[in-house]
Each structure stands twice: as C-alpha cells, then as structure tokens.
Amino acid sequence: MSRYEEAVDRYFAAWNATDEDDRAAAVAAAWAEDGAYTDPLAEVRGHAQLAAAIGGVQAQFPGFEFRRLGAVDGHHDIARFSWELVSAADGSAPVAGSDVISLGADDRITRVHGFLDRVPTA
C-alpha cells in the first residue's frame, strides 16, 4: 500500500469514527496538529475543530459511512481521491465528492481541499 493510500485510509477512519474518543484519536493519527480542512460548507483547523466538524456531519447523517471511490492518485506530497457517503440501511449515497490532500513529513495530512460533487437538494 502506498503512503497516499495509507493517509487516505487514516482520513476515512477519522470520518467514520462515531465514538468521540475514537474520533479524537483517529483525527490525531490522520492530521497534523495544525491540519486544516476546507470545503464549500466548512473551514476548520486543528484537531478539536476537525473532530467537531466530523461529529457535525455524523449528526446530520446518522447511520452513514464514508467510502472511497476508485483509486488514490498521488505524487510528491499531494494526493486526490473521490468518495461517497453511504447509508448502512439501504446503500443510498446522497453525498459524494473529491478531495485533494497535502501530506507533511510524517505523512499526516496538513491540508484538505474538498469538493462536493453530489449533495441532497432537500
């Protein structure tokens, strides 16, 4: 597994950690301490804000899980990948997007630029 795939796996572990303590640990494993996340709906920095943003998405979509779509494409210290938010109950995926991440020297994420490709209309 490449360093990019490993970083993305840690990223999804953080987004899918439903227990608050597990989420905090997963965020710390995935992101640098001053790591940042930006998408059209959020802009946060640091472990506490990242964990809170993830918790907010989980509260909005209970019973859903983030899953990677396709391969991770990376070079130098950046990678891109696509994902969808999937319901455990019925397999529907009302939200999908693509992210570009930057990695630090320790391969933890320093920056995420998120793009929403599909969002619910109501």
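Since the structure is predicted, the reported quantities are computational estimates derived from the model, not experimental observations.
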With [X] via side chain to side chain donor-acceptor pair (under 3.5 Å) - residues at least two apart:
X: Asp73; value: Arg80
X: Asp9; value: none
X: Ser87; value: Asp90

- Query: Backbone N or O of Ala30 within a donor-acceptor pair of the Arg108 side chain at under 3.5 Å?
  - Reply: no
- Counting only N and O atoms by type, is there a donor-acceptor contact under 3.5 Å from the side chain of Gln49 to the main-chain atoms of Ala36? no
Rounded to the nearest 0.5 Å, how far apart are [atom1] of [X] and [atom2] of [Y]?
X: Ile54; Y: Asn16; atom1: CD1; atom2: CG; result: 9.0 Å
X: Tyr11; Y: Trp83; atom1: OH; atom2: CH2; result: 7.5 Å
X: Glu84; Y: Arg118; atom1: CD; atom2: CZ; result: 6.0 Å

Between [X] and [Y], is there shared hydrophobic-cluster membership here, with clusters defined by ILVMFWY side-chain heavy atoms closer than 4.5 Å?
X: Phe61; Y: Val86; value: no
X: Leu103; Y: Val100; value: no
X: Phe115; Y: Val119; value: no
X: Trp31; Y: Val57; value: yes

- Note on the structure: Quick note, ring pair (Phe, Tyr, Trp, His ring centres under 6.0 Å) partners involving residues 34-59, not counting sequence neighbours, are Trp15-Tyr37
- Quick one: side-chain contact (heavy atoms from CB on, under 4.5 Å) partners of Asp19, sequence neighbours excluded? Asp21, Asp22
Identify all side-chain donor-acceptor contacts of residues 64-72 below 3.5 Å with residues at least two apart in sequence or on another chain.
residue : atom : partner : partner atom : Å
Glu65   : OE1  : Arg67   : NE           : 3.3
Arg68   : NE   : Gly70   : O            : 3.0

- Message: What I'd like to find out is whether the side chain of Arg111 reaches to under 4.5 Å of the side chain of Thr38, using heavy atoms alone.
- Response: yes
- Item | Non-hydrogen side-chain atoms of Ile78 and Tyr4 separated by less than 4.5 Å | no
- Got more than 12 heavy atoms from elsewhere within 6.0 Å of CD, Glu6? yes
- Item | Contact summary for Ser82 and Ser98, nearest pair of heavy atoms | OG-OG, 3.0 Å
- Is it true that Asp77 and Arg3 make a salt bridge, defined as a side-chain N closer than 4.0 Å to a carboxylate O? yes
